[in-house]
Each structure stands twice: as structure tokens, then as C-alpha cells.
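Side-chain atoms are counted along with the backbone in the values below, which use heavy atoms only and exclude waters and symmetry mates. Counting convention: from 1, in listed order, for ligands and their atoms alike. We're numbering straight along the sequence, starting at 1.
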Amino acid sequence: MKLCLYPGTFDPFTNGHLDVLQRAAKLFGHVRVAVAIDSTKKALFTPERRVEMIRANLRGLPNVDVVSFDGLLVEFARQQKAVAIIRGLRALSDFEFEFNMALMNRHLDPNVETIFVMPAEAYSYTSSSLVKQIAKLGGDVSKFVPKNVAQALKRAHAGK
Ligand code: COA
């Protein structure tokens, strides 16, 4: 059974991420969401919380699981015997960053392919940082993230 990794910071997981995950789950025998522990981004949620929040949204996706990882993605992919890395491409503006990352990963390990999936257009402008900004300022993020994530954002910004 072919395993693919869906890596990201997922701070937090959005409906756009879920859309990519659902598409990937149709293409591969197994999809493992890989939450980066040492992302370059300063995260609002701990890796454990991010994993937990994603796990709560896997109903109907029996071939998906969620783990966290440390260190190089290609190293983790090799350890897990993953044949591919899935990334979402929302708009042209994602392309340059994703292209560089895919080529660098290929340089580090020529055996791991990066495959791009386009989420539904409705999510083309959704991003984790915008969602956090809106939630922080008291805006409604319920259309952009799963219910448990919206609640967690509310609690985080209420200081609880
Ligand atoms: N829907 C909604 N938003 C999406 C999305 C989609 N389908 N696809 C991407 N995004 C958004 C995210 O919301 C996020 O927005 P933000 O930057 O405003 O917060 C951004 O696009 C990307 O975040 P995410 O999807 O969580 O991934 P990432 O780019 O943070 O992940 C890693 C990067 C973890 C894959 C990368 O840093 C990595 O591999 N790290 C391990 C170390 C390593 O190997 N480094 C060498 C890499 S060459």
C-alpha cells in the first residue's frame, strides 16, 4: 500500500487543508499528516494540540492518520517509507515557495516525489495566519476552519 505524507505546520488546520487531505486520501492507499515540530514559524498551538485538532476531523477518512515529526522532512519520509509528499497549491503566489521546497527536497532525496493538489477555489484565500489574525481581533472564522479549531482559537485568544 502506497504511503504519502501531507506535511505542514498546521497552526491551525483549516478547511483548505482538510480539502487537500480528502483529495489525497482518494489517490493513495494511506495518507499520513505530518505536523512539523520545528517549523520556522512561531506557532500559537503546541504540536500536540495541532495533532489532536486534526485527528478530531478525520471522520470518513479511514486511511488517514496524524503524527508529528522533527528534523528534515525527507529524512522522515525515508523512515516512514513514504513514496510521495502532498502539498496544496492555492494560487500562483504559492508556486515559487512550493517549487523551491520541492526541488530542494528532491535534491536531498531523489526518491521522494512531491505532488501538488489544488484545493477548491473557495479556499484559495484561506491561510492559517489570516485565520489567526481574524480570530485575535474577534472576527468570525467558522467558515474557514473546522468547529473544534474555531473553538480552540476563541479560547486561545480569550487567554484560557
Ligand atoms: N488551504 C488553506 N491554507 C493552506 C493550504 C490549503 N490547502 N495550503 C497551504 N495553506 C496555507 C497555510 O494556511 C499556511 O498559511 P500561513 O503561512 O499564512 O500560516 C501556509 O499556506 C502554509 O502552511 P502549511 O500548509 O501549514 O505548511 P508550511 O508551509 O508551514 O509547511 C513544512 C512547511 C513543515 C512542510 C516545511 O517547513 C518542512 O518541510 N519542514 C521540515 C524541515 C525541512 O525539511 N526543511 C527543508 C525543506 S526544503
Structural part of [X] in contact with ligand 1, heavy atom criterion under 4.0 angstrom:
X    : result
H17  : both
L73  : both
S127 : both
L72  : both

If you round to the nearest 0.5 Å, how far is [atom2] of [Y] from [atom1] of [X]?
X    : Y    : atom1 : atom2 : answer
Q80  : F69  : CD    : CZ    : 10.0 Å
L5   : L73  : CG    : CG    : 6.5 Å
F76  : D109 : CZ    : CG    : 14.0 Å
N15  : N57  : CG    : CG    : 8.0 Å
T114 : F99  : OG1   : CZ    : 11.0 Å

So is [X] close enough to ligand 1, meaning a heavy atom under 4.0 angstrom away?
X    : result
K132 : no
F76  : no
A34  : no

**Study point:** Beyond-backbone contact of V131 with F144, side-chain heavy atoms, under 4.5 angstrom
**Key:**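 Sidechains of F144 and V131: in contact.
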Taking [X] for the side chain and [Y] for the main chain, is one N or O donor matched with an acceptor at less than 3.5 Å?
X   : Y    : result
D19 : A120 : yes
T9  : D11  : no
N63 : A25  : yes
H17 : T14  : yes

Where ligand 1 meets [X] - atom numbers and elements under 4.0 angstrom, heavy-atom basis:
X    : result
T14  : 1 (N), 2 (C), 3 (N)
M104 : 48 (S)
P119 : 7 (N)
F97  : 29 (O)
N105 : 47 (C), 48 (S)
V20  : 7 (N)

Are any of the N or O atoms of [X] closer than 3.5 Å to those of ligand 1?
X    : result
Y6   : no
S129 : yes
T9   : yes
E98  : no
A36  : no
F10  : yes

Review point. Is there a donor in the side chain of S142 and an acceptor in the side chain of D140, or the other way round, less than 3.5 Å apart?
Key: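 Present: a donor and an acceptor within the cut-off.
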**Study point:** Charged N-O contact under 4.0 Å between R87 and D94
**Key:** no
Point to revise | Salt bridge flag under 4.0 Å for residues E52 and R49 | key: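 Salt bridge between E52 and R49, a charged N being under 4.0 Å from a carboxylate O: yes.
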Point to revise | Candidate with minimal heavy-atom separation from atom 27 (O) of ligand 1, of R50, R87, H107, E75 | key: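 Among R50, R87, H107, E75, the closest heavy atom to atom 27 (O) of ligand 1 comes from R87.
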Practice item. Return the option from G71, A120, G8 holding the heavy atom at the smallest distance from atom 41 (C) of ligand 1. Key: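 Heavy atom nearest to atom 41 (C) of ligand 1 belongs to G71.
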